[in-house]
Structure formats: C-alpha cells, structure tokens
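Only one structure is covered here, and it is reproduced in the block below.
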Amino acid sequence: MTDTLTDALAEGFVAAIAEHDSTALMRLLTPDVDFRGLTRVGYRFDITNADGRSTVEQQAYYRVDGGQLTYLRIVCSGYRPQSEAAS
C-alpha cells in the first residue's frame, strides 16, 4: 500500500525544487530539519547476461576528504529488462 501523504510530500518537494519555489519548500520543511547536502553522481549501465539485455541505473552520494571518499551511499534500480522495442 502506498502512503499517499508521503507521496504528496515527496512530489511537493521535487516540484518546489524544480520550480525554485523557496516558499513552498519552507512549508514542507520543519524549522529544525536535519539537512546535509551531498554531491550527486548518476550513471546507467546497459548490460547483457544470461537473462537478456537489462539496464541498471545507480545514484551515488558521497563525501570527499583528502582525495578519498569518506562517505558513500549508492541507490540501485536493480536489473530492468529492456523491451524488444527499445533494442
């Protein structure tokens, strides 16, 4: 079951950022929100394995100190089969 309130908040957050609407953004955040900006890197792989052709999309969040990664979180879409029409 989808949490509609959470979905609405997420959609509102994305819309506020896309529209550069600081007023809408401030309505969505508590005054003491725990916020930390991270560097964003996104990439996509097209792969072929025994199951066929797939796309894997990942988003990495990281921090750097002294030329090395000190924090790394990666979100992965998993293997998304490519349709024959997309080939």
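Residue numbers run from 1 in the order of the sequence given.
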Report yes if the side chains of [X] and [Y] come closer than 4.5 Å at any heavy-atom pair, otherwise no.
X     : Y     : answer
Val41 : Tyr62 : yes
Arg63 : Leu69 : no
Arg80 : Ser54 : no
Tyr43 : Val56 : no

Rounded distance [0.5 Å steps], CZ in Arg44 versus OG in Ser77: 8.5 Å
Spacing of Arg53 atom CZ and Asp46 atom CG [to the nearest 0.5 Å]: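 One finds 6.5 Å between CZ of Arg53 and CG of Asp46.
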Criterion side chain to side chain contact (heavy atoms under 4.5 Å, CB included) on Tyr61 and Val75, from CA distance to verdict: CA-CA 9 Å; Tyr61 301 89; Val75 180; 4.2 Å; yes
Set of residues satisfying side-chain contact (heavy atoms from CB on, under 4.5 Å) with respect to Asp65, sequence neighbours excluded: Thr70
Output a table of donor-acceptor pairs, distance under 3.5 Å, between side-chain atoms of residues 11-29 and any protein atom two or more places apart or on a different chain; print 'none' if there are none.
| from | atom 1 | to | atom 2 | distance (Å) |
| --- | --- | --- | --- | --- |
| Asp21 | OD1 | Thr23 | N | 3.3 |
| Asp21 | OD1 | Ala24 | N | 3.0 |

